[in-house]
J.: 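Before anything else, here's the structure in question.
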Amino acid sequence: MKIYCEKDYEAMSRRVAGIIAAQVILKPDCVLGLATGSSPEGAYKELVRRYQAGELDFSKVTSVNLDEYKGLAGDNDQSYRYFMNKHLFDHVNIDKSRTFVPDGTEADEEKSCKAYNDILRREGPVDLQLLGMGFNGHIGFNEPDSFFEKETHCVALTESTIEANKRFFEKEEDVPRKAYTMGIGNIMQAKSILVIVSGEGKADIVAKAFQGPVTPQVPASILQFHKDVTLVGDQAALGKLLG
Ligand code: F6R
């Protein structure tokens, strides 16, 4: 595993954007696996800046997002489709019809998951998968469990995830209780994986995920078995891992 320890969030975001930009330049028709949340926001901003400076061309890129809240439509400002449009897709020349996010509006869980697995099979493999990590070690919305779920599935969010995500909603009751997410198997099929972590609050789980036992109780620990993982973090988040 490659580790980049950057001094703060801005430096971390520039590093992550640089790695994604390199992927797009080296393979203009690449498939990017994308994440939402506060960790990648700065990197998306930097990618938009580079696009506007004429350094990047997204016209042939395909993207697949990790997850989406069940019940939220793309025009809901809390949906992950909305997040992606707002932070990246609306500002670069990516073909929106080539950007895929699980369909949160599909009430039939089996149908929604099958449709997304079909998309992943058709468009994959992902060249570069971006991942954030939850305080409990979740990746995508793969919450701690007794086994690793392989493919796209519908999950009930844990209290800790609802607690962490309520900052984006007006009231805690507004946080959806379920989400569609790529499975661990889908994530592990990516050719390379780029993990971003920031803030002291992540320090314990980052050390556990990369130095502790591989267990579905810490979903990110499975990344120890992937052959091409890059971890980019700020000093606060990597403090315990690097000692
Ligand atoms: C988001 C996702 C989640 C987040 C994780 C960390 O698409 O899949 O796993 O990456 O919850 O979120 P932040 O970056 O907000 O700390």
Side-chain angles (χ1 to χ4, degrees), residues 6 8-10 12-13 15-17 20 32-45 63-70 72 74 76 78-89 99-104 116 120 126 128-145 148-149 152-169 175-184 186-188 190 193-206 208-209 216 218-223 229-234 236-238:
E6 305 295 346
D8 55 21
Y9 182 84
E10 281 65 40
M12 175 192 85
S13 300
R15 172 72 68 187
V16 170
I20 298 172
L32 298 178
L34 299 176
T36 61
S38 43
S39 308
E41 245 186 77
Y44 292 151
K45 198 167 161 203
S63 73
V64 288
N65 260 78
L66 282 167
D67 42 16
E68 178 61 283
Y69 286 118
K70 183 182 175 195
L72 299 194
N76 183 311
Q78 296 305 333
S79 73
Y80 286 174
R81 160 59 74 181
Y82 191 96
F83 177 102
M84 290 310 304
N85 288 345
K86 178 174 164 198
H87 292 285
L88 185 64
F89 301 156
T99 65
F100 300 95
V101 180
D103 182 3
Y116 206 59
L120 296 176
V126 164
L128 178 64
Q129 175 67 56
L130 189 59
L131 293 178
M133 197 191 294
F135 293 110
N136 59 6
H138 73 217
I139 48 177
F141 270 128
N142 292 274
E143 300 281 24
D145 207 334
F148 290 113
E149 187 93 46
T152 308
H153 56 289
C154 185
V155 284
L157 305 188
T158 61
E159 279 310 313
S160 106
T161 299
I162 292 167
E163 179 65 28
N165 289 6
K166 74 177 188 204
R167 66 191 195 276
F168 299 115
F169 292 81
V175 186
R177 266 36 190 180
K178 283 184 157 187
Y180 292 120
T181 180
M182 275 190 202
I184 295 289
N186 300 126
I187 293 171
M188 290 294 279
I193 293 184
L194 175 57
V195 189
I196 335 171
V197 286
S198 98
E200 208 183 332
K202 296 269 170 81
D204 280 329
I205 195 66
V206 170
K208 233 176 164 179
V218 182
S221 64
I222 193 79
L223 299 173
V229 175
T230 302
L231 173 64
V232 185
D234 56 19
L238 298 184

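Order of appearance sets the numbers: ligands from 1, and atoms from 1 within every ligand. In this chain, numbering begins with 1 at the start of the sequence shown.
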J.: Please write down residue, atom name and distance for the protein heavy atom closest to atom 2 (C) of ligand 1.
T.: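 Nearest protein contact, heavy atoms only, for atom 2 (C) of ligand 1 is Asp67 OD2, 3.3 Å.
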J.: For the residue pair His138 / Thr161, report whether a side-chain donor-acceptor contact shorter than 3.5 Å exists.
T.: yes
J.: Using modelled atom types only, decide if a donor and an acceptor are shared between the side chain of Asp234 and the backbone of Glu6 within a distance under 3.5 Å.
T.: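 No; zero donor-acceptor contacts below 3.5 Å.
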J.: Under 4.0 Å from a heavy atom of Ser38: which atoms of ligand 1 are those, numbered in the order shown and with their elements?
T.: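 Answer, ordered by atom number: 13 (P), 14 (O), 15 (O), 16 (O).
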J.: Could I get the full list of salt bridge (charged side-chain N to carboxylate O under 4.0 Å, His left out) partners for Lys86, not counting sequence neighbours?
T.: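 None.
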J.: Just let me know how Thr36 lines up against ligand 1, side chain, backbone, both or neither, with a heavy-atom cut-off below 4.0 Å.
T.: both
J.: For Phe141, is there any backbone N or O sitting under 3.5 Å from a side-chain donor or acceptor partner on Tyr180?
T.: no
J.: Atoms of ligand 1 less than 4.0 Å from Leu66 heavy atoms?
T.: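 So the atoms of ligand 1 that pass are 8 (O).
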J.: Is it the case that Lys178 places NZ or CZ above or below the six-membered ring of Tyr69, under 6.0 angstrom from the centre and within 45 degrees of the axis?
T.: no
J.: For atom 6 (C) of ligand 1, grab the closest protein heavy atom and report residue, atom and distance to one decimal in Å.
T.: Met133 O, 3.5 Å
J.: Is there a donor-acceptor pair under 3.5 Å between the side chain of Asn85 and the backbone N or O of Tyr82?
T.: no
J.: Among all protein heavy atoms, pick the one closest to atom 10 (O) of ligand 1 and tell me residue, atom and distance.
T.: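 Of the protein heavy atoms, Gly132 CA, 3.2 Å lies nearest.
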J.: Among protein heavy atoms, which lies nearest atom 5 (C) of ligand 1, and at what distance?
T.: His138 NE2, 3.4 Å
J.: If we only consider heavy atoms of Glu41, is any one of them less than 4.0 Å away from an atom in ligand 1?
T.: no
J.: With Ser221, which residues qualify under side-chain hydrogen bond (donor to acceptor under 3.5 Å, both in side chains), at least two apart?
T.: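 Partners of Ser221 by the side-chain hydrogen bond (donor to acceptor under 3.5 Å, both in side chains) criterion come out as none, since no residue qualifies.
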J.: Considering only protein heavy atoms, which is closest to atom 16 (O) of ligand 1, and at what distance to one decimal place?
T.: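 Sorting protein heavy atoms by distance from atom 16 (O) of ligand 1 puts Lys202 NZ, 2.7 Å first.
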J.: Which of the numbered atoms in ligand 1 are under 4.0 angstrom from any heavy atom belonging to Gly140?
T.: 2 (C), 3 (C), 8 (O), 9 (O)
J.: Compute the minimum heavy-atom distance from Arg167 to ligand 1 and say whether it is under 4.0 Å.
T.: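 Heavy atoms of Arg167 do come under 4.0 Å of ligand 1.
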J.: When you compare the side chains of Asn142 and Glu149, does any donor N or O come within less than 3.5 Å of an acceptor on the partner?
T.: no
J.: Among all protein heavy atoms in this structure, tell me which lies nearest to atom 14 (O) of ligand 1, with the distance rounded to 0.1 Å.
T.: Ser39 OG, 2.5 Å
